[in-house]
Amino acid sequence: MLEITVNNVSHQLDVEPDTPLLWVVRDELKLTGTKFGCGMAQCGACTVHLDGVPIRSCVTPIAAVAGKAITTIEGISPHADTLHTVQQAWISEQVPQCGYCQSGQIMSAVALLDKNPSPSDEDIDNAMSGNVCRCGMYGRIRKAIKSASAAMATDVVLTPEGSSNG
Amino acid sequence: MGKWTRRAFLTSGALVGGGLIVGVGVGIGIRPGHRTPKLAEFMQEGGQVLVNAWVKILPDNSIRVIVPHAEMGQGVHTVLPMMLADEMDADWSTVSMEQAPAHDEYATADVAREFVLPSKAPGIVEDTLKGVFLKVAQSMSLQITGGSFSVRGTGAWSMRTAGAAARELLINAAAQEWQVPEDEIRTENSYLYHDKSGRSDQFVAFAKAAADKQGPATPRLKTPAQFNIMGKHVERFDIPPKVDGSATFGVDVDLPNMKYACVKCAPVFGSSVKSYDASAAQKMNGVVKVVELGAGIGVIADSYWQAKKALDQVIVEYTRVENIRLSSSEMFEQFGRDMDLAIEQGKEQEDYSQGEARKVLANADNVIEAEYRVPHLAHATMEPMNCTALERDGTLEIWAGLQNPLGTRDMLIEQFGYEKSQIVINNLYLGGGFGRRAMDDYPTQGAMLARALPGVPVKMIWSREEDTQQDFYRPAVLSRFKASLGSDGLPESWENQFVDKHEPVEAPTLPYSVPNQYIHYANSPTHIRFGPWRSVDHTQHAFFTESFIDELAIAAGKDPYQYRYDLLGDDLRSREVLETAAKMADWGKELPEGWGQGIAFHRSFNTIVAQVVEVDMSSGKPRVDKVYCATDPGYAMSPDGFIAQMESGIIYGLTAALYGDITVKDGAVVESNFHNYKMLRMNEAPEIAVEIINSGDTSLGGGGEPGTPPIAPALANAVFAISGKRIRSLPIG
């Protein structure tokens with residue numbers, strides 16, 4: 001038995017320890033927002049957060065993350081009934097086309113903005129170049145990251161007491 | 001814009017369905033018999049009234065549009081409802097959509113027509129053709145999402161007419177109820193109004209009465225000035241579920257007691273399993289069954305990971321086939337030989353001819369010649385091929401993302417002997433299509449695996465390696481040119497010979513006026529499987545013709561933009577597109593050392609596109625900094641969606657131009673995953689500016705594909721402008 005915590009819920013799992021986290025999240029926990037793309041950490045479709053840091057779940061054995069806090073796209077918003085600012089920006093910039101890579105893109109973008117609230121173009125390049133978008137929506141992703149960054153900065157100004165960036 | 005549609009409608013005659021259901025004969029009326037009662041079985045739930053084949057009015061007066069195409073990111077699940085709702089005067093905030101089931105009534109005749117006929121037929125025969133091609137489509141079971149056709153075919157010819165007809169039926173019913181003339185009734189936001197008497201009511205109040213009416217023979221379509229929804233910015237329906245992980249793609253299906261499968265097929269196409277040893281695999285944890293699939297082996301297990309690990313332990317011997325030693329370079333040698341042979345033996349396949357190109361060339365002083373080539377390309381959709389299937393009591397149910405669900409169904413019928421009623425197809429979001437998901441190899445495998453384990457749902461997921469090495473590829477192509485210039489520097493003769501002819505048939509033809517042309521091809525088949533790749537034959541031919549025309553411009557000592565402009569002659573729409581792109585880019589402007597511009601122009605799927613790229617080669621390798629794209633699709637129904645399609649097509653084509661290279665060694669595809677089949681990424685993605693010209697043309701152009709063809713030649717032409725090195729072979733690398 002292995003124990004992992006995903007989106008603040010802890011799970012006891014009876015899976016082979018070399019099973020990649022990706023397949024545990026998708027097939028055991030039924031959180032299918034995290035996608036399989038390449039199986040060798042080349043495309044970023046499977047990106048989740050491990051203690052807040054983006055990792056490629058397709059090459060991360062479940063045994064390596066036992067006891068750690070994992071966040072998937074389904075748990076990325078701090079509030080259950082509203083979207084994360086980054087997700088909202090993804091809608092307002094109409095980013096996704098086929099949408100298959102976008103969970104991974106959003107996970108990488110959230111991790112970037114958590115660490116660096118006002119990223120430069122170069123910061124965006126560095127943080128996002130591990131995520132392939134075959135529909136080629138890179139320009140929209142860049143724009144959405146910037147508008148999310150601006151929205152988060154505005155939120156802080158408008159709500160001096162709260163730190164929520166919803 | 002409505003002329004064609006009205007005529008088609010007139011010919012079809014309106015249909016009256018039985019009971020509460022009215023069928024509007026949109027492109028299907030030529031076929032005798034009433035169609036809507038049959039459809040209603042599929043689409044009607046409690047309390048809903050099917051007003052016509054494409055729209056329902058729900059009890060709460062909201063509108064649901066039935067869309068016959070798959071959503072693969074092109075926005076069709078939103079733009080087709082926009083077109084119908086606008087004509088109907090529906091309240092957009094209450095409009096929703098559902099995807100049509102895979103059923104014959106939703107066959108998309110227009111796709112068949114487009115691929116069979118090279119160009120628009122004279123108006124007088126259109127109606128007949130429409131009927132003929134509907135029959136063709138139905139007999140071929142086409143419900144294809146492809147050919148950039150959803151908006152310009154289904155949307156323009158069916159959705160708008162259906163919306164307008166539904167509106168007129170409602171007006172007719174209200175006029176009768178209120179005892180007022182029809183022309184005194186107006187519609188707005190899903191309400192009917194008679195201003196003189198102050199009466200008004202919801203659409204749904206008249207839905208049942210409307211259902212008993214004779215459909216209008218000539219529903220009046222709006223002019224662009226009357227559009228309320230078309231041409232406006234509308235947020236796509238499919239985006240919210242794509243940002244929170246809730247969208248269900250084919251690979252996301254979850255069924256009770258489901259098992260998982262991995263497959264591996266023979267690396268050399270045409271080869272199959274000769275023998276295999278699965279004894280080790282069968283002993284592994286969770287393994288349920290090892291299945292021979294003819295061309296390969298599938299392992300079914302309790303989990304994906306168990307299936308994958310077990311598959312790696314199956315030892316397979318494949319049959320030896322003729323092509324087992326073939327390589328990419330040998331294929332190109334074969335192409336060259338077959339092209340020479342065709343000329344020597346007078347067996348050229350003529351594609352297009354005007355004037356006397358050969359004769360002019362024979363007498364010309366300065367013949368310019370060049371040979372171009374492009375490699376095989378894989379589609380590399382982000383979602384690898386997958387299919388979930390359940391065989392139970394002689395019925396087969398499939399869950400997958402399919403560009404051609406009816407074709408898939410018919411293939412399953414043919415291959416496994418089912419009746420139509422024994423197959424259910426659930427078509428889900430496609431994680432990329434680009435033509436790949438029009439093929440039915442993966443549903444075949446899914447069905448084979450499910451049939452090996454009746455009563456148990458089996459989800460088969462390909463590895464990225466399988467997806468890359470078992471594709472249906474954009475073919476490798478060799479193309480040779482000869483041209484001569486007149487005293488004005490403009491081409492006087494143009495000869496082009498190439499291999500591998502598919503669709504659309506007009507792909508190799510020139511948009512320019514050249515008096516003497518001879519375009520021909522030679523057949524030179526290989527064992528590598530062909531499949532439609534975004535823009536199909538346009539992808540290679542735009543690179544060939546737009547590069548070679550650039551060579552002619554240089555040879556004539558002319559500016560490449562001006563040369564094209566002059567050659568477009570009296571094609572004013574094309575000239576405007578080209579000129580717009582040049583203006584957007586400030587063509588000819590001063591740029592830093594090592595930077596330069598390149599231009600290309602191409603019309604495909606009835607959309608005209610010109611692109612100028614700004615390229616930085618100061619590091620020695622080309623980096624595309626900016627792309628300026630001007631385009632005239634006639635009218636962009638969803639402008640932001642259209643822009644997104646151009647952006648997407650450009651990145652797709654640029655990825656191929658810079659990196660795309662599927663090579664063959666010993667008969668098998670070498671590349672396997674994104675480390676050796678490289679994708680363009682964020683740090684290499686250019687800034688893209690798109691300008692749409694709504695020329696108001698009465699025939700709409702597509703959006704999904706036309707952005708792709710010009711980008712490779714635009715880049716190659718920029719590389720020449722900067723370095724003097726002419727790129728005649730892709731990828732540029």
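Atoms considered below: every heavy atom in the structure, side chains included; atoms not considered: hydrogens, waters and symmetry mates. Every chain is numbered from 1 and lettered A, B, ... according to where its sequence line falls, protein lines coming before strand lines.
- Residue A/W90 holds its CH2 atom at 12.0 Å from CD1 of B/I239, rounded to the nearest 0.5 Å.
- When the candidates A/R26, A/E74, A/R134 are compared by the number of heavy-atom contacts under 4.5 Å with chain B, A/R134 comes out ahead.
- Only the side chain of B/D238 comes within contact range of chain A, with heavy atoms under 4.5 Å apart.
- Counting heavy-atom pairs under 4.5 Å between each of B/K459, B/E465, B/K309 and chain A puts B/K309 at the top.
- Taken from SG in A/C133 to CE in B/M382, the straight-line distance is 7.5 Å, to the nearest 0.5 Å.
- B/D244 CG to A/Q102 CD: the interatomic distance, rounded to the nearest 0.5 Å, is 12.5 Å.
- Ring geometry for A/Y100 versus B/F249: interplanar angle over 60°, hence perpendicular rather than tilted (30 to 60°).
- A salt bridge does not link A/K30 to B/D252: none of the charged side-chain nitrogens sits closer than 4.0 Å to a carboxylate oxygen.
- Of the atoms belonging to A/I124, heavy atoms from both backbone and side chain fall under 4.5 Å from chain B.
- For the atom pair CD1 of B/I643 and CD of A/Q94, the computed distance is 12.0 Å after rounding to the nearest 0.5 Å.
- With a threshold of 4.5 angstrom between heavy atoms, A/N126 does not approach chain B through any atom at all.
- A salt bridge does not link B/E383 to A/K35: none of the charged nitrogens lies less than 4.0 Å from a carboxylate oxygen.
- With respect to chain A, the highest number of heavy-atom pairs below 4.5 Å among B/R534, B/E687, B/R464 belongs to B/R464.
- Between atom CD of residue B/Q306 and atom CD of residue A/E16 there is a gap of 4.5 Å, rounded to the nearest 0.5 Å.
- Under 4.0 Å is where a charged nitrogen must lie from a carboxylate oxygen, and between B/R681 and A/D125 no such pair does.
- Heavy-atom distances place the backbone of B/L430, and not its side chain, under 4.5 Å from chain A.
- Of the listed residues (A/E28, A/M40, A/M128), the greatest number of heavy-atom pairs within a distance under 4.5 Å of chain B belongs to A/M40.
- Considering CD of B/Q645 and CD of A/Q97, their distance stands at 4.5 Å, rounded to 0.5 Å.
- Interface summary for chain B: among A/G33, A/G99, A/S92, the most heavy-atom pairs under 4.5 angstrom belong to A/G99.
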